[in-house]
Protein chains: 2
Amino acid sequence: MAISVVHPDTGTATRILDVAEQFVQVRGFNGFSYADISAELGITKAALHYHFAGKADLGRALIVRYASRFAEALADVDAAAGGASARLAGYADLYRQVLHDQRMCLCGMLAAEYQTLPQPMQDAVLAFFDQNEHWLEGVLEEGREAGILQFGGTARATARLIIGSLEGAMLIARPYGDEARFQAAADSLLAGLIRPGAVTTVA
Amino acid sequence: MAISVVHPDTGTATRILDVAEQFVQVRGFNGFSYADISAELGITKAALHYHFAGKADLGRALIVRYASRFAEALADVDAAAGGASARLAGYADLYRQVLHDQRMCLCGMLAAEYQTLPQPMQDAVLAFFDQNEHWLEGVLEEGREAGILQFGGTARATARLIIGSLEGAMLIARPYGDEARFQAAADSLLAGLIRPGAVTTVA
DNA sequence: GTCTATACAGCGATAGAC
DNA sequence: GTCTATCGCTGTATAGAC
């Protein structure tokens with residue numbers, strides 16, 4: 001039952017998820033097949049269907065795991081020393097890391113294909129963005145109360161602006177193969193939220 | 001040869017492009033087939049292949065036409081009275097109109113699927129974004145010189161921020177079916193570029 | 001310019017042996 | 001848990017009649 005922290009899970013189901021995750025982030029959910037995964041892992045398509053009955057089940061499992069990992073990453077950002085400004089920078093860096101592997105955000109990719117997805121996957125995609133919005137909202141409110149951040153409108157609206165802008169910056173930067181293009185957009189976006197004259201410790 | 005302005009082109013090739021365009025913007029390039037188009041138009045798949053030999057040819061024609069129309073729309077924005085601020089608002093409104101039809105930007109969608117596209121389509125997608133960047137760059141520089149706009153960094157970097165942020169705002173707003181979510185992000189983004197105290201005539 | 005008919009590869013999915 | 005074998009369907013694309 002216990003999953004070792006030292007030794008990562010190398011079970012077949014996990015390996016399937018790892019490969020499928022990469023395919024979705026690079027090609028989109030409609031851009032790969034069970035045959036692609038089986039070829040990559042050296043197992044048959046039938047073996048795939050044993051672990052994930054259908055592509056929809058696999059897709060939903062991908063989103064749930066991705067959202068879970070993202071939540072952990074956000075907790076890590078919270079745990080690290082630093083105020084609201086540093087936490088926002090840490091948030092943007094999560095996106096940058098994904099782009100560095102020449103991948104799109106899993107749920108950003110699925111947002112594009114949204115209308116073709118089975119409903120369980122649609123629901124999971126929206127839950128991911130809601131989760132991001134909630135975390136950002138907290139950071140923004142805390143930062144504004146501490147006098148570190150400033151922004152017009154509500155924290156929620158600003159959180160949505162940040163999510164959309166970072167997803168969009170990834171979307172465009174990836175075809176150009178230009179990580180710096182993303183970083184410049186992220187920096188400019190977050191700079192507009194820092195209150196001039198605020199004393200901050202930047203990570 | 002001359003295409004009437006009053007009577008739109010109702011030729012088969014145009015009707016194919018219209019239907020295919022909608023499919024790409026809603027489902028993605030990998031989310032529809034020749035059969036879908038032929039069913040929608042009441043013609044056979046073979047007839048489609050007469051007008052566009054392969055799906056790649058059709059895809060490239062879609063992007064070229066879309067970019068051409070977008071260029072016309074930008075010219076219209078330029079022709080309308082108004083300064084840099086109004087032109088930026090007009091630019092954002094082009095995106096809003098697309099989202100209003102519950103569509104994603106054609107090239108934003110194709111940016112997500114970029115790695116699965118044939119190279120002619122890839123090239124055309126990047127050309128579209130370059131075209132947008134160039135137009136925005138001009139507006140931003142003009143606005144800054146006129147004292148209407150202000151922004152840190154170069155006009156080019158700011159242009160890229162705007163493109164990415166609007167594409168991303170569309171990407172996220174569409175699954176939620178929430179046009180207001182896009183508008184709020186666009187307003188907030190552009191408000192950050194207006195120089196405080198600047199006297200402007202907003203359309 | 002559109003049709004019927006068809007080729008052939010690939011898709012997701014299943015049955016049943018091991 | 002993985003295999004072989006196969007199903008029914010859909011994918012893009014083509015040949016040739018009209």
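Basis for what follows: all heavy atoms, side chains included, without hydrogens, waters or symmetry-related copies. A, B, ... follow the sequence lines: proteins, then strands. Residue 1 opens every chain. Just so we're clear, the structure is a prediction, and the values are computed from it rather than from any experiment.
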Inset, instruction - Kindly write out the residues that satisfy side-chain contact (heavy atoms from CB on, under 4.5 Å) with His51(A), not counting sequence neighbours, or none if the list is empty. - result: Thr12(A), Ala13(A), Ile16(A)
Legend entry - Contacts of His134(A) that satisfy side-chain contact (heavy atoms from CB on, under 4.5 Å) - sequence neighbours left out: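 Partners of His134(A) by the side-chain contact (heavy atoms from CB on, under 4.5 Å) criterion come out as none, since no residue qualifies.
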Salt bridge (Lys or Arg N to Asp or Glu O under 4.0 Å) involving [X] - partner list, sequence neighbours excluded:
X         : result
Arg156(B) : Glu133(B), Glu137(B)
Asp76(B)  : none
Asp178(B) : Arg181(B)
Arg15(B)  : none

Can you list, pair by pair, the side-chain donor-acceptor contacts under 3.5 Å of residues 52-62 of chain A, counting residues two or more places apart and other chains?
residue: Lys55(A); atom: NZ; partner: Phe29(A); partner atom: O; Å: 2.7
residue: Lys55(A); atom: NZ; partner: Phe32(A); partner atom: O; Å: 2.9
residue: Asp57(A); atom: OD2; partner: Gly54(A); partner atom: N; Å: 3.0
residue: Arg60(A); atom: NE; partner: Pro120(A); partner atom: O; Å: 3.2

Legend entry - Pairs where residues 55-90 of chain A contributes a residue and the test ring-ring contact (aromatic ring centres under 6.0 Å, His included) is met, not counting sequence neighbours: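 Sorted pair list: Tyr66(A)-Phe128(A), Phe70(A)-Phe128(A).
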Inset, instruction - List in numerical order all residues of residues 15-45 of chain A for which some heavy atom is under 4.0 Å away from an atom belonging to DNA chain D. - result: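 When residues 15-45 of chain A is checked for heavy atoms under 4.0 Å from DNA chain D, the hits, listed by number, are Gly42(A), Ile43(A), Thr44(A).
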Legend entry - Nucleic acid contacts - residues 51-64 of chain B versus DNA chain D, non-hydrogen atoms under 4.0 Å: Gly54(B), Lys55(B)
Legend entry - Terminal contacting nucleotides, 5' and 3', DNA chain D versus chain A (heavy atom, 4.0 Å): dG1(D) to dT4(D)
Using residues 141-150 of chain A as the side-chain source, report each donor-acceptor pair under 3.5 Å to any protein atom, sequence neighbours left out, with the distance given to one decimal.
residue: Glu142(A); atom: OE1; partner: Arg87(A); partner atom: NH1; Å: 2.7
residue: Glu142(A); atom: OE2; partner: Arg87(A); partner atom: NH1; Å: 3.2

Legend entry - Asp187(B) versus Gln183(B), side-chain donor and acceptor atoms under 3.5 Å: yes
Inset, instruction - Nearest whole angstrom, please: distance from the P of dT4(C) to the CG of Leu48(B). - result: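 Computing the Leu48(B):CG to dT4(C):P distance gives 13 Å.
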